[in-house]
Amino acid sequence: MDFSVKKLASGAGVFFSRAVQFTQENLGQAEKTELDAHFENLLTRADNTKNWTEKILHQTEVLLQPSPSARVEEFLYEKLDRKAPSRVTTAELLGQYMTEAANDFGSSTPYGQTLMKVGETQKHLGTAERDFIHSSAINFLTPLRNFLEGDWKTISKERRILQNRRLDLDACKARLKKAKAAEAKATAEHELRVAQTEFDRQAEVTRLLLEAISSTHVNHLRCLHEFAEAQATYFAQSYQYMVDLQKQLGSSRAELFPVGNTDPASQPLSTSTPPATLPVLQVASSNPGEATLNPVEVALPVSGTRKARALYDYEAADSTELALSADELITVYSLPGMDPDWLVGERGNKKGKVPVTYLELLS
């Protein structure tokens with residue numbers, strides 16, 4: 001019992017001594033042992049690593065899961081060491097609704113067919129997003145969390161111990177200065193030697209941990225490369241899915257909405273007087289063997305011609321369209337009443353409609 005009381009009293013005395021030393025340092029009434037410049041740089045680098053890792057981790061979580069409530073739910077499952085239930089992505093849910101709508105409206109109708117095609121593409125996009133989220137969580141988020149919850153907590157603990165050892169050391173220096181009697185000086189010198197040894201030992205332990213931040217940077221660098229690679233794969237897959245969808249929709253769109261379609265139901269409402277359009281020649285031959293001129297071939301352009309580069313191959317759905325090869329240059333312009341998603345393209349003596357989404361307009 002007496003031993004416990006003495007130990008408690010000793011601990012209280014040490015705490016009081018540290019508090020006095022800390023207060024006097026802040027008031028400028030006591031000297032403070034300064035760490036060397038290299039050690040201070042290590043501390044600064046460690047603090048910056050911790051702060052930026054927290055910010056990058058949080059913002060990556062927001063990128064992968066924008067819903068705050070969903071992030072809280074996943075956090076709780078993680079703390080309870082339980083697997084979170086599988087969550088449907090927004091693209092997958094949209095694809096599901098479109099598919100169900102197509103079945104309700106009739107998958108054989110033009111609208112139903114298009115809903116089915118777009119819905120299936122949305123499901124593919126959702127699957128690609130799910131794979132990206134899963135890969136990023138394992139290869140990028142987990143290492144960042146491990147650093148904050150493991151290495152950084154160890155560093156913080158050893159830094160607090162080093163701070164206490166420094167306060168003890170400076171308190172011993174102050175007591176030695178105040179000692180007058182020879183016995184008091186001898187006791188103070190002994191305490192100072194012990195405090196100096198403990199401070200040096202703790203400084204070395206802390207320094208080794210701080211220098212290990214370099215290895216942390218190397219590990220995070222590898223994880224960052226893996227994150228960028230996963231993101232590039234996700235966007236490449238998404239782009240390819242959309243290119244394939246555009247190709248599927250291109251031919252059906254040309255059949256449903258031909259150039260020059262003036263159906264009032266397909267035109268935007270306007271309160272202003274519609275602009276006058278240039279006359280389009282259409283010569284009907286009296287000889288059965290002679291073909292009628294295509295309106296596209298004889299209509300005058302309503303906008304200046306421009307050069308355009310084909311982004312990828314396009315197969316003409318019928319004789320009114322112009323087939324494209326990736327990277328080829330053509331001349332394009334628009335016609336009166338023409339669907340804004342299409343332009344007239346010219347290549348040599350060939351003309352035809354081309355979808356705007358397949359072109360890069362050049363100045």
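Sequence positions, counted from 1, serve as the residue numbers for this chain.
- Under 4.0 Å is where a charged nitrogen must lie from a carboxylate oxygen, and between Lys123 and Glu92 no such pair does.
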For this session: Assess whether side chain to side chain donor-acceptor pair (under 3.5 Å) is satisfied between Tyr314 and Glu321, documenting all intermediate values.
Result: CA-CA 10 Å; Tyr314 177 72; Glu321 296 184 6; 2.6 Å; yes
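- A salt bridge is defined here as a Lys NZ or Arg NE, NH1 or NH2 lying under 4.0 Å from an Asp or Glu carboxylate O, and Arg207 with Glu204 meets this definition.
- One hydrophobic cluster, built from ILVMFWY side chains closer than 4.5 Å, holds both Val88 and Tyr97.
- Here CG of Leu94 is found 9.0 Å from OG1 of Thr99. Values are rounded to the nearest 0.5 Å.
- Here CE of Met242 is found 6.5 Å from CG of Leu125. Values are rounded to the nearest 0.5 Å.
- Applying the side chain to side chain donor-acceptor pair (under 3.5 Å) test between Thr331 and each of Lys307, Arg306, Glu346 identifies Lys307 as the sole match.
- Of the charged side-chain nitrogens involved, at least one lies within less than 4.0 Å of a carboxylate oxygen, so that Asp47 and Arg159 count as a salt-bridged pair.
- Residues Leu361 and Tyr333 fall within the same hydrophobic cluster, defined by Ile, Leu, Val, Met, Phe, Trp and Tyr side chains chained together at heavy-atom separations under 4.5 Å.
- Heavy-atom minimum distance, Ala195 versus Cys172: CB-SG, 3.9 Å.
- Below 30°, between 30° and 60°, or above 60°: for Phe140 and Phe227 the angle between ring planes is below 30°, a parallel geometry.
- Atoms CD and CG, on Glu360 and Leu362 in that order, are 5.5 Å from each other to the nearest 0.5 Å.
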For this session: Starting from the C-alpha separation in whole Å, work towards a yes-or-no answer on side chain to side chain donor-acceptor pair (under 3.5 Å) for Asn48 and Arg45.
Result: CA-CA 5 Å; Asn48 290 341; Arg45 185 180 65 159; over 6 Å; no
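- Considering OG1 of Thr197 and CZ of Arg165, their distance stands at 11.5 Å, rounded to 0.5 Å.
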For this session: Dump the intermediate steps for side chain to side chain donor-acceptor pair (under 3.5 Å) on Gln246 and Thr357, then the final yes or no.
Result: CA-CA 8 Å; Gln246 285 291 87; Thr357 53; 3.0 Å; yes
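- No hydrogens or angles considered: nothing links the side chains of Arg175 and Thr187 as a donor-acceptor pair under 3.5 Å.
- Rounding to the nearest 0.5 Å places OG1 of Thr114 at 9.0 Å from CG of Leu245.
- A parallel orientation is assigned to the rings of Phe105 and Tyr111, their planes being inclined by less than 30° (bins at 30° and 60°).
- Atom CG of residue Leu43 and atom CD1 of residue Ile155 lie 9.5 Å apart, to the nearest 0.5 angstrom.
- Ring orientation note: the planes of Phe147 and His220 are nearly perpendicular, at an angle over 60° on the 30°/60° scale.
- Across every non-hydrogen atom of Ser107 and Met116, the tightest pair is CB-CE, 4.2 Å.
- Val332 is connected to Tyr312 through a chain of hydrophobic side-chain contacts under 4.5 Å among Ile, Leu, Val, Met, Phe, Trp and Tyr, so both are in one cluster.
- The hydrophobic clustering, which links ILVMFWY residues whose side-chain heavy atoms are closer than 4.5 Å, places Leu167 and Leu176 apart.
- Side chain to side chain, Gln248 and Asp244 fail the donor-acceptor criterion of an N or O pair below 3.5 Å.
- By the 4.0 Å N-to-carboxylate-O rule, Arg222 lies close enough to Glu226 to be salt-bridged with it.
- Contact detail for Val356 and Trp342: the closest heavy-atom pair is CG2-N, 3.7 Å.
- Smallest separation of non-hydrogen atoms from Asp313 and Tyr358: O-CE2, 3.4 Å.
- Looking at every heavy atom in both residues, Ala128 comes nearest to Gln237 through CB-OE1, 3.4 Å.
- No side-chain donor-acceptor contact under 3.5 Å links Ser156 and Lys50.
- With salt bridges taken as basic N to acidic carboxylate O contacts below 4.0 Å, one links Arg145 and Glu61.
- In this structure, Ile133 and Leu64 approach most closely via the heavy-atom pair CD1-O, 3.5 Å.
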